[in-house]
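Start at 1 with the first residue, then count along the sequence.
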Amino acid sequence: MKQLKNTAKKDCTQNVGLIGYSKGNGHFFSYSAISNSSFQFNNKFVENNYPNIIKYLKRNKKKIFNKKKIFNINKVFSQNKKISKIASNFSNIEKVYKSNYRLIKDSDLILICRHNIKKNYNDVIYSINKKKPILVDKLYAKSEKDFKKIHSMKKSILFNSTPLVFEKKFFKLNKKRINV
């Protein structure tokens, strides 16, 4: 299968771990392809389930594959090992993990992108306790109490691209916490 790879010089070689897969959510594949500047054409699983990702990557390949890399996703874990292997092959990810906790221990930065608040919450707490920076693309707190607990922990850096904006209380808390 044909694979496009970035020829630009790598700026740094951080160990970045990607956690999570949710059916219907293609971020697991698009994040890894974009950050690794590598994706496999003719990957039937991704083509059949996430055709827009393939279209986007093909349409923007010059922009994606000629950029300087900030980091490379080189570890992956999902609840389904078969899906993890597909992502690994699709985006040139070096290692598939059987344990999310092992991946967190072995990584310098954690990306979480699945629709499972309980698992995301547990991974965020574990990552913070291991002093790992985290980017969570999906929700990670199901209550104000959980949200406050996470944000009171001063051991790590937490970025969230999907703040709890649906609840006014969470929006106000997030706004105070992160001045965007």
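A salt bridge is absent between Lys132 and Asp123; no separation between the charged side-chain nitrogens and carboxylate oxygens falls under 4.0 Å.
The ring pair (Phe, Tyr, Trp, His ring centres under 6.0 Å) search around Phe28 returns Tyr21, not counting sequence neighbours. Contacts of Lys105 classified as side chain to side chain contact (heavy atoms under 4.5 Å, CB included), with partners at least two apart in sequence or in another chain: Arg102, Tyr126, Lys130. For Lys98, the side chain to side chain contact (heavy atoms under 4.5 Å, CB included) criterion is met by Lys81, not counting sequence neighbours. Among residues two or more places apart in sequence or in another chain, the ring pair (Phe, Tyr, Trp, His ring centres under 6.0 Å) test is passed with Tyr121 by none. Not counting sequence neighbours, the partners of Asn52 by the side chain to side chain contact (heavy atoms under 4.5 Å, CB included) test are Lys55. Remark: Ser32 engages Leu18, Ile73, Ser91, Ile93 in a side chain to side chain contact (heavy atoms under 4.5 Å, CB included) (not counting sequence neighbours).
The cationic group of Lys145 does not satisfy the cation-pi geometry with Phe147, failing either the under 6.0 Å distance to the six-membered ring centre or the 45° limit from the ring axis.
The closest side-chain heavy-atom distance from Lys95 to Val76 is not below 4.5 Å.
Side chain of Ser88 to backbone of Ser84: no donor-acceptor contact under 3.5 angstrom is found. Side chain of Asn74 to main chain of Glu94: no donor-acceptor pair is present (N/O by atom type, distance under 3.5 Å, no hydrogens or angles).
Neither side chain, Asn15 nor Asp106, offers a donor N or O lying under 3.5 Å from an acceptor on the other.
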